[in-house]
Amino acid sequence: MSVTAEAPTTAPGPELFSERLKAATWSDHQAAEDHGFTRALMDGTLPLSGYTAMVAQHYFAYVALEEVGRALAGDRLAGRFHYPELERVPALVRDLEHLLGTDWRERVEPTPATRTYVARIEQMADRPEGFIAHHYTRYMGDVSGGQFIRRTAAKAYGLTDDAGVSFYVFDTLGSLPRFRTGYRERLDSLEMGAATADRLIAETRLAYQLNTEVFADLGRLHTSP
Ligand code: HEM
């Protein structure tokens with residue numbers, strides 16, 4: 001990990017870093033949320049095959065994200081975001097087994113956009129602030145808007161007892177609003193210089209865009225024009 005000579009930005013300022021991060025990236029969030037594929041998912045019109053394909057793409061992304069997270073567990077910055085209790089790969093495996101059967105591994109492959117996304121996540125192994133950006137974009141989304149997806153998908157596809165939507169179940173975290181508050185406090189207590197903070201924000205924007213590209217691939221395959 002590189003040692004920075006930049007001036008720390010954690011002194012109390014007019015704006016908390018978590019607020020700055022959200023404000024600077026919210027237009028990218030809206031682009032991801034407003035994508036045709038996401039809209040179809042949220043209004044319950046996405047066919048089950050499209051939902052299943054999304055779960056499969058999540059699998060490839062989270063394998064990469066969680067591997068990099070483990071590799072960076074001892075890092076001064078990224079190690080603050082090593083949350084084993086968030087790990088989603090076991091839930092994704094369960095969901096894919098339920099949705100596709102025990103031979104699911106032979107029936108899934110990453111789309112071109114997912115390959116690009118995974119490659120970018122893997123590059124974060126030596127860019128701790130970039131890893132935090134990807135971590136934030138996915139897990140804070142899963143414990144926020146993901147909770148709407150859980151309910152909508154369960155209803156639309158008749159999934160009961162969380163089978164097929166266990167990716168969105170975070171029972172071990174307790175109160176999700178409290179978890180989100182604690183996560184933001186961690187963002188706010190990061191000791192990093194201005195340039196590092198700017199890189200974290202820029203990488204978050206890219207992470208949203210890479211996610212939107214994955215939706216675009218899925219939309220081409222699974223929604224009507
Ligand atoms: C399916 C459509 C989506 C809906 C309905 C949705 C909805 C929401 C809502 C209601 C919040 C809480 C806002 C707040 O605390 O004020 C949120 C936060 C968030 N969402 Fe989404 N979202 C969606 C898609 C996504 C996607 C695709 C991603 C990333 C790939 C994402 C990432 C995030 C993140 C990182 C936050 C936390 C923002 C923060 O508080 O700093 N969301 N979302």
Side-chain angles (χ1 to χ4, degrees), residues 15-47 50-66 69 80-81 83 86 88 92 110-111 113-114 116-118 120-121 124 129-157 165 167-168 170 173 175-190 197 200-219 222-223:
E15 194 184 26
L16 293 168
F17 178 67
S18 60
E19 291 170 0
R20 192 178 146 216
L21 175 62
K22 184 173 179 181
T25 60
W26 199 245
S27 62
D28 302 289
H29 177 277
Q30 293 312 89
E33 185 179 339
D34 291 343
H35 195 277
F37 181 86
T38 334
R39 272 208 308 275
L41 173 68
M42 290 308 291
D43 66 21
T45 58
L46 183 71
Y51 174 76
T52 303
M54 182 185 74
V55 178
Q57 300 315 304
H58 282 156
Y59 170 77
F60 296 110
Y62 280 79
V63 165
L65 190 59
E66 294 177 0
R80 311 266 344 265
F81 290 84
Y83 283 95
L86 281 179
R88 297 290 86 198
L92 286 165
T111 70
T114 297
T116 304
Y117 182 29
V118 165
R120 185 71 190 174
I121 292 171
M124 298 304 112
E129 74 284 350
F131 166 75
I132 296 171
H134 286 272
H135 191 279
Y136 162 80
T137 307
R138 283 306 329 179
Y139 296 105
M140 276 294 269
D142 299 334
V143 298
S144 306
Q147 300 306 301
F148 296 101
I149 300 175
R150 172 186 179 178
R151 285 192 287 278
T152 310
K155 191 162 167 232
Y157 310 122
V165 291
F167 171 75
Y168 299 103
F170 290 93
L173 295 186
S175 152
L176 293 187
R178 199 175 324 119
F179 176 82
R180 290 196 291 266
T181 303
Y183 193 101
R184 291 190 185 105
E185 284 167 0
R186 252 178 228 210
L187 286 170
D188 295 334
S189 68
L190 283 173
L200 199 163
I201 291 172
E203 189 67 30
T204 302
R205 298 200 65 185
L206 180 63
Y208 275 122
Q209 286 154 23
L210 291 167
N211 273 275
T212 305
E213 288 299 316
V214 174
F215 291 141
D217 271 0
L218 291 171
H222 296 280
T223 54

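Just so you know, ligand 1 is whichever comes first in the structure, and atom 1 is the first atom listed for that ligand. This structure is a prediction, so every number in the text was calculated from the model and none was measured.
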- request: Among all protein heavy atoms, pick out the one at the shortest distance from atom 34 (C) of ligand 1; state its residue, atom name and that distance to 0.1 Å.
  value: Tyr208 OH, 3.3 Å
Shortest protein heavy-atom distance from atom 24 (C) of ligand 1, along with the residue and atom involved: His29 NE2, 4.0 Å
field: Electrostatic pair Asp142:Arg138 at N-O distance under 4.0 angstrom
entry: yes
- request: Using a 4.0 Å heavy-atom threshold (strictly under), name the region of Tyr136 that reaches ligand 1: side chain, backbone, both or neither.
  value: both
query: Tyr83 pairs by ring pair (Phe, Tyr, Trp, His ring centres under 6.0 Å) with which of Tyr139, Phe170, Tyr136, Tyr183?
result: Tyr183
Identity of the nearest option to atom 10 (C) of ligand 1, non-hydrogen atoms only, from Tyr183, Phe148, Phe37: Phe148
- prompt: Can you tell me which residue and heavy atom of the protein come closest to atom 7 (C) of ligand 1, and the distance to 0.1 Å?
  reply: Gly145 CA, 3.4 Å
- request: Carefully, step by step, assess Asp43 and Arg39 under the rule salt bridge (charged side-chain N to carboxylate O under 4.0 Å, His left out).
  value: CA-CA 6 Å; Asp43 66 21; Arg39 272 208 308 275; over 6 Å; no
- prompt: For Lys22 and ligand 1, does the shortest N/O to N/O distance drop below 3.5 Å?
  reply: yes
- prompt: Any donor and acceptor pair, going by atom type alone, linking the side chain of Gln147 with main-chain N or O of Tyr168 inside 3.5 Å?
  reply: yes
Worked check of side-chain hydrogen bond (donor to acceptor under 3.5 Å, both in side chains) between Thr38 and Glu33: CA-CA 6 Å; Thr38 334; Glu33 185 179 339; over 6 Å; no
- line: Note: ligand 1 atoms sitting under 4.0 Å from heavy atoms of Asn211 are 30 (C)
task: Only heavy atoms count here, so choose which of Arg184, Glu33, Arg180 is nearest to atom 40 (O) of ligand 1.
output: Arg184
Protein heavy-atom partner closest to atom 27 (C) of ligand 1 - residue, atom, separation in Å: Phe215 CE1, 3.5 Å
- prompt: Which bit of Tyr139 is near ligand 1, meaning a heavy atom under 4.0 Å away: side chain, backbone, both or neither?
  reply: neither
message: I need the atoms of ligand 1 closer than 4.0 Å to a non-hydrogen atom of Arg138, numbered in the order shown.
response: 30 (C)
- request: Quick one: sort the Phe215 and Phe37 rings into parallel, tilted or perpendicular, breaks at 30° and 60°.
  value: parallel
message: Heavy atom to atom 33 (C) of ligand 1, shortest distance: which of Gly146, Gly141, Ala207 holds it?
response: Gly141
message: Looking at every heavy atom in both His222 and Ala53, which two are closest together, and how far apart are they?
response: NE2-CB, 3.4 Å
- prompt: Is it the side chain (CB and beyond), the backbone, both or neither of Ile149 that lies under 4.0 Å from ligand 1, heavy atoms counted?
  reply: side chain
message: Treating Asp217 as the side-chain partner and Thr111 as the backbone partner, does any N or O pair qualify as donor plus acceptor under 3.5 Å?
response: no
field: Protein contact of atom 26 (C) of ligand 1 - nearest heavy atom, named by residue and atom, plus distance
entry: Ala32 CB, 4.4 Å
Aromatic ring proximity, centroids under 6.0 angstrom, Phe131 and Phe81: no
query: Among Leu187, Thr38, Thr137, Val143, which one has a heavy atom closest to atom 29 (C) of ligand 1?
result: Thr137
- prompt: Which heavy atom of the protein is the closest neighbour of atom 12 (C) of ligand 1, given with residue, atom name and distance?
  reply: Ser144 CB, 4.0 Å
- prompt: Would Arg150 count as a cation-pi partner of Phe148, with NZ or CZ less than 6.0 Å from the six-membered ring centre and within 45° of the ring normal?
  reply: no
